[in-house]
There are 2 protein chains.
Amino acid sequence: MDRIDRKLLKLMQEDASRTNADLATEVGLSPSSCLRRIRRLRSAGIIDRVVAVLNPAKAGRGVKAIITVELERHGEQYVRRFLDMVAAEAAVTQAYSVSGATDALLMLRLKDMDELDALTERLFGEGSNVARYYTSFVIRTGKETTAIPL
Amino acid sequence: MDRIDRKLLKLMQEDASRTNADLATEVGLSPSSCLRRIRRLRSAGIIDRVVAVLNPAKAGRGVKAIITVELERHGEQYVRRFLDMVAAEAAVTQAYSVSGATDALLMLRLKDMDELDALTERLFGEGSNVARYYTSFVIRTGKETTAIPL
DNA sequence: CTTGAAAAAAAGTGCCC
DNA sequence: GGGCACTTTTTTTCAAG
């Protein structure tokens with residue numbers, strides 16, 4: 001991981017649809033050397049995957065909600081079970097167990113409020129090990145990037 | 001946006017490095033028709049961009065932190081100013097103003113604790129309009145996807 | 001062991017139907 | 001939407017630093 005690798009990763013985190021030849025010019029390498037590096041970064045797992053990022057509003061998923069969850073039983077296996085359960089929901093884009101006052105935090109992409117209602121009923125209803133949950137909605141998005149600083 | 005578009009988007013949200021010919025076969029279209037659709041989805045802005053997603057741990061950013069923020073002055077222009085300020089930080093990957101008990105939520109990607117210390121001092125120190133903030137750390141990641149359900 | 005030039009293979013592109 | 005000729009890009013090969 002030298003300066004050129006970092007530059008490559010930075011560029012590809014912004015736009016991975018650029019051609020290899022293009023990237024090569026940008027980092028001052030020949031196309032073949034550049035490709036070798038990209039492949040190495042990929043097989044080393046530093047580049048996890050290349051994906052298309054959609055515009056949520058245009059894809060009909062304009063509502064972003066954040067739910068913080070307090071579990072009834074906090075043990076590790078219960079937390080894990082909870083995360084597995086919520087991960088199975090397509091509307092859940094991020095699910096974390098966290099330190100602090102609450103046990104978990106979920107990030108949701110919803111079509112409308114009805115979807116949220118159905119989802120909370122399904123996930124946090126009877127016999128779900130959820131003691132309490134707090135829902136907030138995203139009003140304004142100041143930043144939303146997949147890029148990691150290098 | 002018909003069934004084929006949705007299928008294409010679904011595939012590209014998982015792996016956008018697949019070739020057009022490959023995607024065409026998958027959705028049962030000729031390469032030229034498929035490419036036309038992809039271009040249309042792109043120029044319509046439904047596909048916002050194509051990016052490389054890195055493995056945070058392997059890229060040296062293993063610490064994920066979530067900060068909820070309560071502002072001193074809650075007016076819209078103050079919230080906006082706050083979001084603009086935090087968005088400028090490379091370690092901040094997501095920044096939202098939210099409904100509910102707190103005003104904003106930040107998602108951070110950090111190298112270590114020292115970086116967090118420096119960042120909170122810089123963002124929430126003297127004269128920052130931040131009344132209170134609560135930091136939690138991600139213990140386990142149950143799910144983390146950029147894919148939006150269709 | 002890494003680089004770069006050039007050939008070969010594959011993919012993308014645009015025009016026509 | 002599909003077919004086909006044309007262009008561009010990717011990928012392999014191989015010689016050189």
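Labels below follow one simple rule: chain letters A, B, ... track the order of the sequence lines, proteins then strands, and each chain is numbered from 1. The analysis underlying the following values was restricted to heavy atoms, covering all of them including side chains, and did not include hydrogens, waters or symmetry mates.
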- request: May I ask you to decide whether B:E76 forms a salt bridge with A:R140, counting only side-chain N to carboxylate O separations under 4.0 Å?
  value: yes

message: Once rounded to the nearest 0.5 Å, what's the spacing between atom CD1 of B:I148 and atom NZ of A:K58?
response: 12.5 Å

Side-chain cluster (under 4.5 Å, hydrophobic types only) that B:L35 belongs to, other residues: none

- request: Specify the angle, to 10°, made by the local axes at the two ends of the helix from C:dC1-D:dG17 to C:dC17-D:dG1 when five pairs are taken at each end.
  value: 30°

All side chain to side chain contact (heavy atoms under 4.5 Å, CB included) counterparts of A:T25, not counting sequence neighbours: none

message: Considering only residues two or more places apart or on different chains, which pairs with a residue in residues 98-111 of chain B satisfy salt bridge (charged side-chain N to carboxylate O under 4.0 Å, His left out)?
response: B:R109-B:E144

Annotated protein contacts, base or backbone, on nucleotides 1-17 of chain C with a non-hydrogen cut-off under 4.0 Å, one of B, S, - each: --BBB-----SSBBB--

field: Carboxylate-amine/guanidinium contact A:E115 A:R61, below 4.0 Å
entry: yes

- prompt: Who are the ring pair (Phe, Tyr, Trp, His ring centres under 6.0 Å) partners of A:F137, not counting sequence neighbours?
  reply: none

